[in-house]
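Structure, as structure tokens:
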2 protein chains.
Amino acid sequence: MPEDTVHADTPAEARIAAARGSRNDHTRRRNLSSLLTAVHYGGPLTRAQLTRDTGLNRSTIGGLVAELSELGLVVEDAAAETGTVGRPSHIVRPRRDVVALALHADVDALELGAVGIDGAVLARRRANLDAPPTPDDAAAFSWEAAREVAAELGGVRAAGIGAAVPGLVGIDGATVVDAPHLGWRDVALGERLRGALGIPVVVGNDANMGLRAEWSFGAAKGVDTVVYLNGSASGIGGAALVGGRMLRGGRGYGGEFGHMMIRSDGDRCSCGRRGCLETEVNAALLDEAAHDAAALDRFAEVLAAAIANLECAFDPDAVLLAGYLGALFDVRRELVTDQVRAMAFRPDAEDVVIARAALGGNRLLIGAAERAFAPLLRDPAGTALAALA
Amino acid sequence: MPEDTVHADTPAEARIAAARGSRNDHTRRRNLSSLLTAVHYGGPLTRAQLTRDTGLNRSTIGGLVAELSELGLVVEDAAAETGTVGRPSHIVRPRRDVVALALHADVDALELGAVGIDGAVLARRRANLDAPPTPDDAAAFSWEAAREVAAELGGVRAAGIGAAVPGLVGIDGATVVDAPHLGWRDVALGERLRGALGIPVVVGNDANMGLRAEWSFGAAKGVDTVVYLNGSASGIGGAALVGGRMLRGGRGYGGEFGHMMIRSDGDRCSCGRRGCLETEVNAALLDEAAHDAAALDRFAEVLAAAIANLECAFDPDAVLLAGYLGALFDVRRELVTDQVRAMAFRPDAEDVVIARAALGGNRLLIGAAERAFAPLLRDPAGTALAALA
DNA sequence: GATAAAATGTTCCGGGAGAGAACATATACC
DNA sequence: GGTATATGTTCTCTCCCGGAACATTTTATC
């Protein structure tokens, strides 16, 4: 074997899963997780539906729902009118007072929201800024805004806080490795927020969280394989969902499609290379060309080339466009679609749906909250909630 | 929401996993799977090691190993000398008479092998061809070669057969959608082989199976996130392992990095686009330039650009090069490595290992067999083996 | 060479978890 | 109002793992 053969210190995920033995109580945990996850994504569901969806026995579902109810995570309503024969089934719904906080740190604003476990944004605070925020600004704002939001909502319990940042975030979900537009390098934002708020923190790249939101409640709800491109003031962010899992990468830097080379003789990019997607189509260029049809056509073609390349690599079920790329797509929908299909080299290219993202201004808050909810969804009985005074 | 919002008919994998309830016997299945998987990847292991690795109780391991032994999947040897104090632990090893067949259909040859569950290629048959094989050729050869191999080995039991094909294979793992170099389109190879051999069949893209082999037993053993590029007579095949899972894509066509655009003003490719990696570096060009140092440098730079683009998208732990790309890398190792690092825009670029694939001529047979073994590894007690006369 | 210590195999019992049967309950339909 | 249908509830059974107690086998020590 070559000397530079790679061997993992820790076995790959698949092997960990294989290696870890399964004990009897794992079954319970998993089933509790199944139910909470089901009502999280699917909204209020009857116990009968849960029985069918999970394949578990009625009696088991009864016990599980009772436990989730005792944990204060769901409530059971009496059945509404069903329209069908037979005893009506209880309706299980996630409790709205179980929330996650979500912070979005952007170049020109800080925003914090409280998101219910049903995915609804319940309250929000925003601070518009003249200069990019420092990590201290972010922590101070979070503390203040969290207090206000908690007061507004009154007696909610939080699973944690998710923070969306325009930049590279380490695989640890805590360190902002490089956020050039904020001027942050190697910032331990996780620790900072944890210190300020005293609840679990998870930090992530904004594009990743945007896609997560769209996958959970938006235009790509439940789709297995999705490529996502977001155009914003801080460049083009990318993310991908592969087989139902977020593409993370070895260090957490996966999905940086903004620096995909799209024109080998293009302009020099801030990253040092030439013809990156982000230098070929960006906010400034689009603003300049707002009423220049030919220029818009050109940009649309560049976007189409990028999408074609990504389809090549990922063979996605859907490609989602957000921010100014979504706007560009809206005015050049046919051109983009046709170009992508013309450039696709594989069969069934027309199966790939290209669409604009759906969730608008709530997207990042929802996505960040989703990540904060994740541990609770994985282990409902073993994850503590913090009372938010 | 936009009209073209995508909604999956079947929920994404993560949601299926969440939705499917877990029953008590799943625990047993999972633990049997853990043990068989452990000895499959890790070779002979003592029961004590299995106890430590899985975290299960001694007594439980005893019962599980006994069941695997009764199923004829593993044998227990008396302990060798241990050198440590205490009663020596039994050694559990996978039984070599449990095999998978593997077929590689290439433009100029058909090859079939029998691979033990320990990953060793036990026997093989090869037929060199003047013209690309037809599906009938492949089926007839497989039948004949399987008989010979079975006779040579005497009384083995097969989990199934995996077939590696240079082309697009549908997500069903049975249909060759398009293999241009073989001239196959929409060929139900799975059915054909199943009819000929009467054992379970799984068909896959050759690059995918190559990467699987390298991940299981080769240069990327156990690494979580890997990008793989293979140069062969039938072009450049690509594959990626993302978070320990093979990148499949929505239709099964993921990882076609050979058609990634690398020079926007490049030559026209057979796929209709310009400047695909596969047209910029290929076997014919390399042969021509075999002794032209400047040309080799150019090719190395093209390869580096491709790798940089892929690192951007995937942030892999390792990049593996096989076939003529591996050979090119061997003679221009430093140039490729330096160029990739110069073009990488993110921190820690030097963490990414670029290496040549390790398994040589056994790679595809091992990878195809791995896929055939997968169902058995997932559910040792519930998967039947076929006696190979 | 006998004894102690250490590590592992083996056996048996107990507890947790879901399946399923039997019964109870609530609705629609006739 | 009675019946069919669907669901909730309760109880028992089985499966599976953990853990304790004991047996076995090796090394270390006197």
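Everything quoted here is computed from the prediction, not taken from an experiment. Chain letters run A, B, ... following the sequence lines, proteins first and then strands; every chain starts at 1.
Side-chain atoms of R378(A) never come within 3.5 Å of backbone atoms of R30(A) as a donor-acceptor pair (strictly under, hydrogens ignored). Put simply, the side chain of S33(B) never gets that close to the backbone of R29(B): no donor and acceptor are under 3.5 Å apart.
Looking at E67(A) and R28(A), a side-chain N of the basic residue comes within less than 4.0 Å of a carboxylate O on the acidic one, giving a salt bridge. Classification of R93(A) and D118(A) as a salt-bridged pair fails, no side-chain N sitting under 4.0 Å from a carboxylate O.
We find that CG of L50(A) is positioned 16 Å from C1' of dA6(D), with the value rounded to whole Å. Residue N57(A) contributes atom CG, which lies 14 Å from atom P of dT10(D) at whole-angstrom precision. The interatomic distance linking Q49(A) (CD) with dG8(D) (C1') rounds to 16 Å, in whole Å. H26(B) places its NE2 atom 14 Å from the C1' atom of dC16(D), with the value rounded to the nearest Å. With rounding to whole Å, L64(A) atom CG is found 13 Å from dG8(D) atom P. Per the geometry, CG belonging to L56(A) stands 16 Å off C1' belonging to dT7(D), to the nearest Å. As a whole-Å value, the separation of I61(B) CD1 from dG18(D) C1' is 12 Å. If you measure from atom CG of L35(B) to atom C1' of dC17(D), you get 13 Å, rounded to the nearest angstrom.
When the side-chain nitrogen and oxygen atoms of R29(A) are compared with OP1 and OP2 of dG16(C), none of them lie within a distance under 4.0 Å. Distances shorter than 4.0 Å separate some side-chain N or O of R52(A) from OP1 or OP2 on dT7(D). Taking side-chain N and O atoms only, R47(A) has no distance below 4.0 Å to OP1 or OP2 of dT7(D). Distances shorter than 4.0 Å separate none of the side-chain N or O atoms of T27(A) from OP1 or OP2 on dG18(C). Under 4.0 angstrom from either OP1 or OP2 of dA19(C) there lies at least one side-chain N or O belonging to T60(A). Between R28(A) and the phosphate of dG15(C), there is no side-chain N or O to OP1/OP2 separation shorter than 4.0 Å. At the phosphate of dG18(C), OP1 or OP2 sits under 4.0 Å from a side-chain N or O atom of N31(A).
When heavy atoms are screened at a 4.0 angstrom cut-off, T46(A) is found touching no nucleic acid atom at all. At the heavy-atom level, R58(A) lies under 4.0 Å from base atoms of the strands shown. Using a 4.0 Å heavy-atom distance criterion, T84(B) is classed as a sugar-phosphate-only contact.
Within the 4.5 Å cutoff, the side chain of V39(A) has no heavy atoms near those of the L73(A) side chain. Put simply, the side chain of V65(B) reaches to within 4.5 Å of the side chain of R47(B), judged on heavy atoms.
Within residues 86-95 of chain B, the residues that place at least one heavy atom under 4.0 Å from DNA chain D are, in residue-number order, G86(B), R87(B), P88(B).
Side-chain contact, T54(A) with S34(A): no donor N or O sits under 3.5 Å from an acceptor N or O.
Between the side chain of S59(A) and the base of dG8(D) there is no donor-acceptor pair of N/O atoms closer than 3.5 Å.
A tilted orientation is assigned to the rings of Y41(B) and F217(B), their planes being inclined by 30° to 60°.
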